[in-house]
Amino acid sequence: MNHHLLFGNPVRLFVENQFKEIHDVDEALRFLDHWPVARRGPVYHCAINCCHAAIVSGLSVDDVEKSFESFARITGILADTTAPRTTMGKVEPKPLTK
């Protein structure tokens with residue numbers, strides 16, 4: 001993990017009934033690389049371009065974090081950690097609704 005590319009706060013996702021945290025630019029890139037090709041629209045491209053710009057040209061990590069969080073919110077996978085729900089005895093966040 002590149003500590004200079006570490007997010008201020010992890011971006012919390014709820015994907016395929018699993019809670020996931022993205023802690024840095026590298027994890028965001030790996031997540032985006034696995035995003036379905038059919039769902040790669042302008043918001044996806046903005047997020048991935050921001051990740052690459054942070055690595056090569058020094059775009060601020062805060063800007064990448066905001067871009068990735070916006071991608072997650074718009075695609076409906078950003079976890080709402082303020083309203084937990086229980087699943088099989090575990091408390092898990094639910095996705096934010098628009």
Side-chain angles (χ1 to χ4, degrees):
M1 181 183 314
N2 292 323
H3 292 287
H4 68 284
L5 298 176
L6 191 64
F7 291 163
N9 295 299
V11 178
R12 293 173 176 89
L13 309 176
F14 195 71
V15 183
E16 297 176 356
N17 294 320
Q18 293 184 354
F19 178 66
K20 178 180 211 93
E21 288 187 344
I22 304 297
H23 296 95
D24 62 28
V25 174
D26 293 330
E27 286 181 3
L29 263 176
R30 281 192 299 276
F31 182 86
L32 291 167
D33 283 343
H34 292 94
W35 192 248
V37 174
R39 295 189 63 199
R40 295 182 180 185
V43 176
Y44 164 86
H45 289 290
C46 180
I48 204 158
N49 288 340
C50 284
C51 289
H52 287 295
I55 293 168
V56 264
S57 64
L59 179 69
S60 87
V61 176
D62 287 340
D63 287 340
V64 179
E65 183 179 342
K66 289 175 190 172
S67 174
F68 187 75
E69 189 173 300
S70 293
F71 160 80
R73 184 180 312 104
I74 290 167
T75 57
I77 61 170
L78 186 65
D80 179 0
T81 56
T82 62
R85 64 179 178 194
T86 58
T87 304
M88 295 178 61
K90 296 179 182 177
V91 176
E92 296 183 2
K94 67 175 185 174
L96 287 176
T97 54
K98 294 181 185 178

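Values in this document were obtained by computation on a predicted structure and should not be read as measured data.
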Quiz item: Can you tell me how far the CZ atom of F71 sits from the CG atom of L78, to the nearest 0.5 Å?
Solution: 11.0 Å
Self-check item: Distance-minimising heavy-atom pair for E21 and R12
Solution: OE2-NE, 3.1 Å
Would you list the atom pairs, donor with acceptor, under 3.5 Å between side chains in residues 45-58 and any protein atom, with sequence neighbours excluded?
| unit_1 | atom_1 | unit_2 | atom_2 | d |
| --- | --- | --- | --- | --- |
| H45 | NE2 | R40 | O | 3.4 |
| N49 | ND2 | H45 | O | 3.1 |
| S57 | OG | A53 | O | 3.0 |

Donor-acceptor pairs under 3.5 angstrom involving side-chain atoms of residues 30-38: please list them, not counting sequence neighbours.
| unit_1 | atom_1 | unit_2 | atom_2 | d |
| --- | --- | --- | --- | --- |
| H34 | ND1 | R30 | O | 2.8 |
| W35 | NE1 | R39 | O | 3.2 |

Practice problem: Go through the structure and list residues passing side-chain hydrogen bond (donor to acceptor under 3.5 Å, both in side chains) with S60, not counting sequence neighbours. | Solution: D63
Self-check item: salt bridge (charged side-chain N to carboxylate O under 4.0 Å, His left out) partners of E69, counting only residues at least two apart
Solution: R73
Quiz item: If you measure from OG1 on T75 to CG on L13, what distance do you get to the nearest 0.5 Å?
Solution: 8.0 Å
Quiz item: Between A28 and F7, which heavy-atom pair has the shortest distance, and what is it?
Solution: CB-CZ, 4.1 Å
Quiz item: What's the shortest heavy-atom distance between D24 and L6, and which atoms?
Solution: CB-CA, 3.8 Å
Exercise. Could you walk me through whether V11 and E65 pass the side chain to side chain contact (heavy atoms under 4.5 Å, CB included) test, one step at a time?
Key: CA-CA 7 Å; V11 178; E65 183 179 342; 4.1 Å; yes
Practice problem: Would you check, one step at a time, whether the test side chain to side chain contact (heavy atoms under 4.5 Å, CB included) holds for F68 with I22? | Solution: CA-CA 9 Å; F68 187 75; I22 304 297; 3.6 Å; yes
